[in-house]
Peer 1: 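I have a structure I would like to understand better, so I am pasting it below and will then ask my questions one at a time.
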Protein chains: 2
Amino acid sequence: MSGDGLETDQLVVDVFARNCSSRGILEHITGRWGTLALAALAEGPFRFNALRRKVDGVSEKMLAQTLQALERDGFVHREAEPTIPPKVEYSLTPRGAEVAAKLTALIEVVESAVPQVAEARARYDAAKAR
Amino acid sequence: MSGDGLETDQLVVDVFARNCSSRGILEHITGRWGTLALAALAEGPFRFNALRRKVDGVSEKMLAQTLQALERDGFVHREAEPTIPPKVEYSLTPRGAEVAAKLTALIEVVESAVPQVAEARARYDAAKAR
DNA sequence: CAGTATCCAAGACGATACTG
DNA sequence: CAGTATCGTCTTGGATACTG
């Protein structure tokens, strides 16, 4: 624990500032798997492996890691039943639901834009090739 | 009209699917710098170095790379005046503005949640340490 | 000013094996 | 089932130097 010249200011909020708390949080949410995990949980609670199947391509390690970060930040709730075999259910907290709602809105815009993006890319590549 | 079988790899749209077009697009947007660049441009047009100053901490390389990806996808417009010294202005396209709006909504939620996230982390860490 | 090119370190990521 | 541990690869990303 060093308290040297670099002050890790606890309450910088503007995302555009470096060392800002909100950036770290935002990166958990907008990270490669964070977005997909939250969007999946927006459809309802999931058990670990069900979530893993839903979010196609994620490894055990990354899903566990992502879920832990989101749980620590208070966006995801983890409910473990101490049975054998273990049953663990993940769901959104109220705050997680708020975030997830914004994400699904974003995803919808993106999905509806897929064809236009394909066109835009073709134009860009054609122009660059010339 | 949507086919039931898995048709192709070309126009898979569901984000949860691997090899899906929307995932790649989404990752440009939600990437470490994509989100911040779009959010910054939501406040108005910016020249390269102004944007670099605004988005604190981004390197030349990453900003250029991010901006090119977003331009190629049709979210950002690049206007270059062939003067000396060169003047290049970046702005949002209409589709980029749509996306940026969703992003700023997300950022607002995150920023307003900063204090609660800090609490949640403290609780989580305390529970884990025990 | 607005980039491009190159190098290199850090860590993100995936596969696998193992535990409770 | 729900993870953790470990290892090796491959990408990400920053610093620096250079061009038009």
Side-chain angles (χ1 to χ4, degrees), chain A residues 6 16-20 23-37 40-41 45-72 76-91 124 127-129, chain B residues 16-20 23-24 26-37 40-41 45-72 76-91 124 127-129:
Chain A
L6 209 163
F16 294 117
R18 219 182 2 228
N19 297 334
C20 153
R23 253 204 218 181
I25 301 169
L26 194 64
E27 281 173 17
H28 289 156
I29 293 169
T30 62
R32 185 160 180 202
W33 302 116
T35 305
L36 295 174
L41 289 174
F46 275 87
R47 295 178 61 176
F48 187 85
N49 279 298
L51 201 53
R52 184 151 141 60
R53 263 170 267 128
K54 173 86 178 172
V55 181
D56 196 21
V58 68
S59 66
E60 286 184 8
K61 178 184 165 183
M62 292 315 297
L63 185 56
Q65 198 170 295
T66 300
L67 252 15
Q68 279 168 18
L70 293 175
E71 189 199 352
R72 188 169 106 101
V76 163
H77 175 66
R78 178 178 181 275
E79 187 73 37
E81 288 177 29
T83 57
I84 294 181
K87 176 177 176 179
V88 179
E89 198 167 70
Y90 290 92
S91 56
Y124 182 93
K128 202 181 54 181
Chain B
F16 294 117
R18 219 183 359 230
N19 297 334
C20 154
R23 254 204 216 181
L26 194 63
E27 281 174 16
H28 290 157
I29 294 169
T30 61
R32 184 160 180 202
W33 303 115
T35 304
L36 295 173
L41 289 174
F46 275 87
R47 295 179 61 177
F48 187 85
N49 279 298
L51 201 52
R52 184 152 141 60
R53 266 173 311 240
K54 174 85 178 173
V55 181
D56 194 21
V58 68
S59 66
E60 285 184 9
K61 177 186 166 181
M62 292 316 297
L63 185 57
Q65 196 170 294
T66 300
L67 252 15
Q68 279 168 16
L70 293 174
E71 189 200 353
R72 189 169 105 99
V76 162
H77 176 66
R78 177 178 183 276
E79 188 73 36
E81 288 176 30
T83 58
I84 295 183
K87 176 179 176 179
V88 180
E89 196 166 71
Y90 292 91
S91 55
Y124 183 93
K128 201 181 54 181

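Side-chain atoms are counted along with the backbone in the values below, which use heavy atoms only and exclude waters and symmetry mates. Everything quoted here is computed from the prediction, not taken from an experiment. Naming: A, B, ... by sequence-line order, numbering from 1 per chain.
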Peer 1: Taking atom P of dC1(D) as reference, at what distance in whole Å does atom CG of Leu67(A) sit?
Peer 2: 16 Å
Peer 1: Tell me the closest heavy-atom pair linking Ala40(A) and Lys54(A), and the distance in Å.
Peer 2: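 Between these two residues, the closest heavy atoms are CB-CG, 3.9 Å.
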Peer 1: Nearest whole Å is fine: how far is dA2(D) P from Leu63(A) CG?
Peer 2: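 It is 11 Å, rounded to the nearest whole Å.
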Peer 1: Please tell me if Tyr90(A) has a side-chain N or O lying less than 4.0 Å from either OP1 or OP2 of dG3(D).
Peer 2: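 So the side-chain polar atoms of Tyr90(A) do come within 4.0 Å of the phosphate oxygens OP1 or OP2 of dG3(D), strictly under.
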Peer 1: Shortest non-hydrogen contact from Arg18(B) to Gly57(A)?
Peer 2: NH1-CA, 3.2 Å
Peer 1: Base, sugar-phosphate alone, or nothing: which one does Glu81(A) contact when heavy atoms must sit under 4.0 Å apart?
Peer 2: nothing
Peer 1: Are OP1 or OP2 of dG3(C) and a side-chain N or O of Arg78(B) less than 4.0 angstrom apart?
Peer 2: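 Looking at the OP1 and OP2 atoms of dG3(C), one of them is under 4.0 Å from a side-chain N or O of Arg78(B).
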Peer 1: Just by modelled atom types, is the Ile29(B) backbone N or O under 3.5 Å from a matching donor or acceptor in the Thr35(B) side chain?
Peer 2: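 Yes; judged by distance alone, with no hydrogens or angles, the pair exists.
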Peer 1: Rounded to the nearest 0.5 Å, how far does CG of Leu63(B) lie from CD of Gln68(B)?
Peer 2: 10.0 Å
Peer 1: Counting side-chain heavy atoms from CB outward, which of dA2(C), dG3(D), dA2(D) is closest to Arg47(A)?
Peer 2: dA2(D)
Peer 1: Going through the checks in order, is the side-chain contact (heavy atoms from CB on, under 4.5 Å) test met by Leu36(A) and Val58(A)?
Peer 2: CA-CA 10 Å; Leu36(A) 295 174; Val58(A) 68; over 6 Å; no
Peer 1: How is Gln68(A) classified with respect to the nucleic acid when contacts are heavy atoms under 4.0 Å: base, sugar-phosphate, or nothing?
Peer 2: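 Sugar-phosphate only.
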Peer 1: Answer whether the closest heavy-atom distance between the side chains of Asp56(A) and Arg23(B) falls below 4.5 Å.
Peer 2: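 Counting from C-beta outward, Asp56(A) and Arg23(B) do come under 4.5 Å.
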Peer 1: Below 4.5 Å, heavy atoms only, C-beta onward: do Leu51(A) and Leu67(A) meet side chain to side chain?
Peer 2: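 They are in side-chain contact.
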Peer 1: Rounded to the nearest angstrom, tell me the gap between atom NZ in Lys128(B) and atom C1' in dG3(D).
Peer 2: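 In whole Å, dG3(D) C1' lies 15 Å from Lys128(B) NZ.
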Peer 1: Would you write out the dot-bracket form of DNA chain D, 5' to 3', with Watson-Crick and G-U pairs under 3.5 Å, [ ] for crossing pairs, | for pairs to other strands and . for unpaired bases?
Peer 2: ||||||||||||||||||||
Peer 1: When rounded to the nearest 0.5 angstrom, what is the spacing between OH in Tyr124(A) and CZ in Arg78(B)?
Peer 2: 7.5 Å
Peer 1: In whole angstrom, what separates Asn49(B)'s CG from dG3(C)'s C1'?
Peer 2: 9 Å
Peer 1: Which is true for Arg52(A) with a 4.0 Å heavy-atom rule: it touches a base, it touches only sugar-phosphate, or it touches nothing?
Peer 2: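 The residue Arg52(A) makes no contact with any strand.
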Peer 1: Between atom CD in Glu71(B) and atom C1' in dG3(C), what is the gap in whole Å?
Peer 2: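 It is 13 Å, rounded to the nearest whole Å.
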Peer 1: Are the side chains of Phe48(A) and Val88(A) in touch, meaning some heavy atoms are under 4.5 Å apart?
Peer 2: no
Peer 1: Encode nucleotides 8-20 of chain D as B, S and - characters from 5' to 3', where the letter depends on protein heavy atoms closer than 4.0 Å: B to the base, S only to sugar-phosphate, - to neither.
Peer 2: -----BBB-B--B
